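One structure below.
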Amino acid sequence: MLLRIIKALSLSLLLTVQPLWAAPVVCGVIQTYSALESIKDSSKVKFETFYGTQLELRDRILLSGDRCDVLVTDEEKLPKILIDADRALYENVSKLVRAPLILWSGNRFLFQKDISAITKKKLRSLIVPKAHLTSVGYAANQVLNHKDFPIDYLEKKGKIFKADHEYQAYSLLEPGNVQVGFLTKPLIMKDAKTTGSYWYIPNEYYDPIYYYLVMLSEDPATRAVCDLLSDPAFALRHFKQAGFESVD
């Protein structure tokens with residue numbers, strides 16, 4: 001009888017702690033999908049993934065209680081929120097990669113040879129993520145305010161539209177509802193190749209758009225995943241294939 005009780009208690013304890021042994025969950029914004037899935041498929045370090053908007057990731061970490069051990073985000077303010085809420089430590093936040101800003105069109109011929117559509121004021125419509133909501137929008141507005149970027153004719157025609165976030169802008173650009181828009185390169189990558197056509201905006205036109213790696217759990221398995229994602233000899237290659245660049 002005593003042996004059966006001990007076995008039952010051991011089984012109960014095993015079932016209780018089993019979830020703690022599960023692979024760490026990496027939560028990332030939608031733009032990181034290709035890079036993280038490629039890393040996950042190629043690495044012996046095991047982890048699961050979850051993707052969402054900034055708001056969805058914030059709510060998952062702070063409100064839902066669903067597992068999220070590592071965060072990859074393009075918004076510096078979200079790590080700050082997590083630090084203030086005692087869900088992350090300052091020393092566990094680091095810059096991971098950088099996303100180049102582009103002006104993109106679903107029309108693969110528009111920017112195929114040159115950017116005369118811009119310089120000769122031939123654009124028909126433009127969509128821009130909101131500056132106060134996203135780092136992409138902030139960077140895009142820096143470009144729009146640059147003396148060499150002509151947009152006055154689009155403003156007069158009422159052909160400049162706003163999006164709450166980058167993916168919303170892409171969802172209107174991809175089917176052709178808007179002609180061109182500001183995005184980052186990872187969002188227009190498919191099978192390590194670019195889609196549509198784009199103008200690669202010079203770095204000096206805007207502040208860098210960094211992606212941040214945030215470790216939310218300090219157990220060894222989570223540390224191993226963070227070490228993997230920040231490994232320049234392995235992970236960076238996958239990030240570059242997905243449209244990202246190194247921080248330097």
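Sequential numbering from 1 along the given sequence is applied to the chain's residues. Computed over heavy atoms, backbone and side chain alike; hydrogens, waters and symmetry mates excluded. Small disclaimer: the values here were computed from a predicted structure and weren't measured.
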Legend entry - Pair listing, disulfide bond (SG atoms under 2.5 Å apart) test, anchored in residues 81-129, at least two apart: none
Legend entry - Test log, rule side chain to side chain contact (heavy atoms under 4.5 Å, CB included), inputs S64 and D59: CA-CA 6 Å; S64 74; D59 288 350; over 6 Å; no
Legend entry - For Y211, ring-ring contact (aromatic ring centres under 6.0 Å, His included) partners two or more places apart: F244
Legend entry - Between CZ on residue F182 and OH on residue Y138, distance to nearest 0.5 Å: 14.5 Å
Inset, instruction - Could you list all the side chain to side chain donor-acceptor pair (under 3.5 Å) pairs where at least one residue sits in residues 90-103, not counting sequence neighbours? - result: R98-N203, R98-E245
Legend entry - Geometric class of the Y205/W199 ring pair [parallel <30°, tilted 30-60°, perpendicular >60°]: perpendicular
Inset, instruction - Report the distance from atom CG of L36 to atom CD of Q31, rounding to the nearest 0.5 Å. - result: 11.0 Å
Inset, instruction - Would you indicate whether Y212, at its atom OH, is surrounded by more than 12 heavy atoms from other residues, nucleotides or ligands within a distance under 6.0 Å? - result: yes
Legend entry - Qualifying disulfide bond (SG atoms under 2.5 Å apart) pairs, either residue in residues 34-103, two or more places apart: C27-C68
Inset, instruction - Establish, from distance only, whether the side-chain atoms of D248 and S246 form a donor-acceptor pair under 3.5 Å. - result: no
Legend entry - Side-chain H-bond candidate by donor/acceptor type, Q179 with N107, under 3.5 Å: no
Legend entry - Contact check, side chains of L103 and F111, non-hydrogen atoms, under 4.5 Å: yes
Legend entry - The single option from L123, L144, V180 passing side-chain contact (heavy atoms from CB on, under 4.5 Å) against L154: L123
Inset, instruction - Only pairs at least two apart or in different chains count here, so list each side chain to side chain donor-acceptor pair (under 3.5 Å) that has a residue in residues 112-132. - result: D114-S116, K130-D164
Legend entry - Y170/W104 aromatic ring centres below 6.0 Å: yes
Legend entry - Selection residues 34-44 - residue pairs positive for side chain to side chain donor-acceptor pair (under 3.5 Å), sequence neighbours left out: E37-K40, E37-T49, E37-Y51, S38-H238, K40-T49
Inset, instruction - Decide yes or no on side-chain hydrogen bond (donor to acceptor under 3.5 Å, both in side chains) for E75 and T134, but give the supporting numbers first. - result: CA-CA 7 Å; E75 294 293 341; T134 65; 4.7 Å; no
Inset, instruction - Please confirm whether the backbone N or O of V136 pairs with a side-chain atom of E166, one donor and one acceptor, at under 3.5 Å? - result: no
Legend entry - Heavy-atom check, side chain of L173 versus side chain of I127, under 4.5 Å: yes
